[in-house]
Amino acid sequence: MKLKHITATFLALATLITAAGCDSTAADDSSGVSADSSAVSDTDNSSDSSGNTQTGPTPQSNWKFSQVAMGGGGFVSGVFATGEEGLYYARTDVGGAYRYDKDEGRWVCLSYWVSEDDRGLLGIDGLAFAEDEPNKLYLLAGTDYFSNGKTCLLISDDYGDSFDVVELTDMIKAHGNGMGRGNGERIAVDPKNSDIIYIGGRTGGMIKSTDGGKTFTALDMGTNTSTPNNNGICSIIIDPSSGDDNGCTTLFAAISRTGDDNLYKSTDGGETWTAVADAPKGIMIQRMKMRSDGKILITYAGSEGPWNSDRGKGRIVVMDPETGAQTDISPISSPYGDVVSDPNDPNKMVACTENVYVPQPNGAWGDQFYVTTDGGENWTLLNDVMTMSDGGIEWINTASMHWCSSMCIDPNDPNKVMVVSGNGIFACDNIWDDSPEFYFNSKGIEETVPLEMVSIPGGKLITAIGDYDGFAQDDAAEYGTVHNTTAGSMQGIAAAAQAKDVWVKCGGDSKTPGLWYTEDAGATWVNVKTSPIEGSSISYGGSVAVSADGSVIYWAPENGTAVYYTSDRGETWTQSEGSFGVKKIVCDPVNPDYIYASSSGTFYVSSDGGKTFEQNRDLAIFQLTRPIVEPGTEGKVYFSAMGLQVSEDHGKTFTRIDTVAGCMAVGLGRGKNEGDPCTIFIWGKPDSDDEIGLYWSKDEGASWERVNDEQHQFGGPGNGYFVYGDFNVYGRCYMSTVGLGLVYADLVE
């Protein structure tokens, strides 16, 4: 695949993995499915940078990259069908963009190239493609709280295999994970001239390009487009019947507000605008779609969504683009996410609500679906007659279709529709049948936020993730089992080194007691209801560990200030002395008396089973990192501080590995053969002149090799900020991300 670069400020490289532990007696090496995509560098700081390109560095040919197979897990904020058979696109709020591979029957991620510095570009706030050339793909990218709020237009002419990046921060702002992220689309490509592109900002108003996105000019809509909900211009649509061969002239733009005009029309390519008088002012536009008869379909809700809509407010209308007259065709008064029409018969339409919770066929509560074949005179509610299936991803059986903000209908097969959800994409291949069959269609989409993981030597890969608890699986490439007794987001998980069926996890929130344990390798979990924090009814989140023999559980709750331990499975708790400020805990894998811990400024060690902790004052620590222990070895600890440090005396003294100039995370992996040293993975750089990235060492740090490249940066280690090796597969390593799930690399020898 070709690699494109805008020649300007170079994006700092950041990517993959570290590891915990080596076990040379474990299973043979195996590789997962790779979803390659090409990388991009940064643009200059001006809003009119053009797309000069050059070839980037050669990808690392001896590593294969993928994402651990969990299946969906995050909000897909838009789904799109093109005129090319089997070609679909999707955008997500924190996990980049995807393209459907019809030959493989799975989605392919287009955002592996995003660097750590530019991880905000994983938030996609708008997507468009050229109608007659769907290989031309445009993404509006940016996340308000990452990368200094950087906003960019990503431009591809090869279906998203590579992108040119044009920075727009000085003109408009995007926020792919902001409220209203399911609205759309904020980008519109002229169907008669794909060099003409309109983009609406959450702030900054509307901008227009006439050279394919290389340069932009601001358009004056004659009204303030900044809105109290920070959603700004939320939808743009172009009338394809207007204009001439040089481009269309008529377009509509929606502003996400109530109490004032919120739909505007231009008949001169955006030069001047007038308010559409018939548009209601008490509700907000969600989406606009052209119908084959030239009319415009619009969905409304009481707020921008996806989760704050008033159930009683909203409608579906058909608008005449000439007069602006709107005709209400709603099945019921309700917030609606989207409506699509059969391209061969405008009277046949499919609609979905947004943020409405009613029973669905699998027993979960989610949105409603309707169909009409007579232009909206009569609608049929599908929830009572449709079916739902998991599409081969079992955990979805208990989840609903919800936050249904976007739909598409296949122009090549109008029986097929797809709809987004807070957990992925659902599809239906027989929408006009009496009993439509919906199925989860998210293979390849991995949008979880991993916060902790353990590769158990001779055992499973277990994870703690945001929103959906976590998974246990035998292989990274095969879908696993979601932890039963799920309780939302988990922040920590640990397994006893010598009692491998004893696991413990922590998470929850201020309403849910936040610690669980299992003694049968996850078959059953027990929620500990007793809070360790004196005077607190609920403890939750944080970090957790379990002694090597599985007898003692250690917990540093998120809403606490110390470590607590229990030897009776949470019936009683004792606070560890000297543990003030501890945020990460790990137990020695051999000697249950030793526990290692860290805060953002101190390393701690306990030699009496957690009763007391002492600080190691010889280490200068400036950020929170995890202590890493070597399986089967007592007292050996790796720690990221002033580079990479290693201790062989239970953390009393550390020696700096002088071949590492910088290290932000470290992990261990299985040695190749029995008796070989553990492999070491770092997120950092061996030499001060090296780029930050994923490196590994097979000789205990004497030498290092690069694992990742510009095409595989994944936005860096993200929220969990860890890298771990695999104890059962030599040369496999894992890395947390901000929204691309748990990524991993396999050595290809």
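If you're wondering where the values come from, they're calculated on a predicted model, not measured in any experiment. Heavy atoms only: backbone and side chains are in, while hydrogens, waters and symmetry mates are out. For the single chain, residues carry numbers from 1 onward in sequence order.
S489 contributes a side-chain N or O that, together with a main-chain N or O of D467, makes up a donor-acceptor pair within less than 3.5 Å. With R119 contributing its side chain and P717 its backbone, the two residues share no donor-acceptor pair below 3.5 Å. In this structure, the side chain of S442 does not engage the main chain of G72 through any donor-acceptor pair within 3.5 Å. Here the side chain of Y98 pairs a donor or acceptor atom with the backbone of E446 at under 3.5 angstrom. Judged by distance alone, the side chain of S406 and the main-chain N or O of V79 form a donor-acceptor pair under 3.5 Å. Panel note: side chain S455, backbone L461; no donor-acceptor pair is recorded below 3.5 Å. In this structure, the side chain of H483 engages the main chain of T463 through a donor-acceptor pair within 3.5 Å. In terms of modelled atom types and a separation under 3.5 Å, the side chain of T143 and the main chain of Y145 share no donor-acceptor contact.
When side chains are defined from C-beta on, V68 counts as touching Q473, because their heavy atoms get closer than 4.5 Å. In this structure the side chain of L742 reaches within 4.5 angstrom of the side chain of F722, judged on heavy atoms. Using a 4.5 Å cut-off on side-chain heavy atoms (C-beta onward), W107 and I425 make contact. Using a 4.5 Å heavy-atom threshold, the side chains of V419 and M401 count as touching. Inter-residue side-chain proximity for T659 and P686 is flagged as unmet; no heavy-atom pair is nearer than 4.5 Å. Inter-residue side-chain proximity for I680 and V666 is flagged as met; some heavy-atom pair is nearer than 4.5 Å. Residues E452 and V544 are not in side-chain contact: their nearest non-hydrogen atoms beyond the backbone lie 4.5 Å or more apart.
In this structure, F75 and W403 have perpendicular ring planes: the angle between them is above 60°, well past the 30° mark. Note on ring orientation: taking the six-membered ring where Trp is involved, the planes of W63 and F681 are perpendicular (angle over 60°, cut-offs 30° and 60°). Using cut-offs of 30° and 60° for the angle between ring planes, the Y89 and F129 rings count as tilted. Taking the six-membered ring where the residue is Trp, F714 and Y112 present tilted rings, their angle falling between 30° and 60°. Taking the six-membered ring for Trp and thresholds of 30 and 60 degrees, W696 and Y730 have ring planes inclined between 30 and 60 degrees apart. Taking the six-membered ring where the residue is Trp, W395 and F471 present perpendicular rings, their angle passing 60° and hence far from 30°.
Classification of K416 and D429 as a salt-bridged pair holds, one side-chain N sitting under 4.0 Å from a carboxylate O. Of the charged side-chain nitrogens involved, none lies within less than 4.0 Å of a carboxylate oxygen, so that R706 and D690 do not count as a salt-bridged pair. A salt bridge links R99 to D161: at least one charged side-chain nitrogen sits closer than 4.0 Å to a carboxylate oxygen. Taking a cutoff of 4.0 Å between a charged side-chain nitrogen and a carboxylate oxygen, R106 and D101 do not qualify as a salt bridge. Using a 4.0 Å cut-off between charged nitrogen and carboxylate oxygen, K698 and E705 count as a salt-bridge pair.
E84 and Y159 are linked by a side-chain donor-acceptor pair at a separation below 3.5 angstrom, with hydrogens and angles left out of the test. Judged purely by distance below 3.5 Å, without hydrogens or angles, the side chains of N423 and S421 pair a donor atom with an acceptor atom.
Between the CG atom in D93 and the CZ atom in R181 there is a gap of 5.0 Å [rounded to 0.5 Å]. From M70, atom CE reaches atom CD1 of I393 across 12.0 Å, with rounding to the nearest 0.5 Å. Note that NZ of K685 is 15.0 Å distant from CH2 of W704, once rounded to the nearest 0.5 Å. Between atom NZ of residue K460 and atom CG of residue N728 there is a gap of 11.0 Å, rounded to the nearest 0.5 Å. In this structure, the separation between CG on L137 and CZ on R91 is 12.0 Å, given to the nearest 0.5 Å. In this structure, OH on Y138 lies 8.5 Å from CG on L153, to the nearest 0.5 angstrom.
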Residues 491-498, side-chain donor-acceptor partners within the protein, below 3.5 Å, at least two apart:
residue, atom, partner, partner atom, Å
Q491, OE1, G542, N, 2.7
Q491, NE2, E558, OE1, 2.6
Q498, NE2, P589, O, 3.1
Q498, NE2, V590, O, 3.0

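The side-chain hydrogen bond (donor to acceptor under 3.5 Å, both in side chains) check on Y468 picks up nothing, with sequence neighbours excluded.
At most 12 heavy atoms of other shown residues, nucleotides or ligands fall within 6.0 angstrom of atom NZ in K443. N412 CG: more than 12 foreign heavy atoms inside a 6.0 Å radius. Atom CD of E394 is surrounded by 12 or fewer heavy atoms from other residues, nucleotides or ligands within 6.0 Å.
Nearest heavy-atom pair across L122 and L740 is CD2-CD1, 3.9 Å.
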Practice problem: Test side chain to side chain contact (heavy atoms under 4.5 Å, CB included) on L154 and C152 and set out the steps. | Solution: CA-CA 6 Å; L154 313 182; C152 292; 4.1 Å; yes

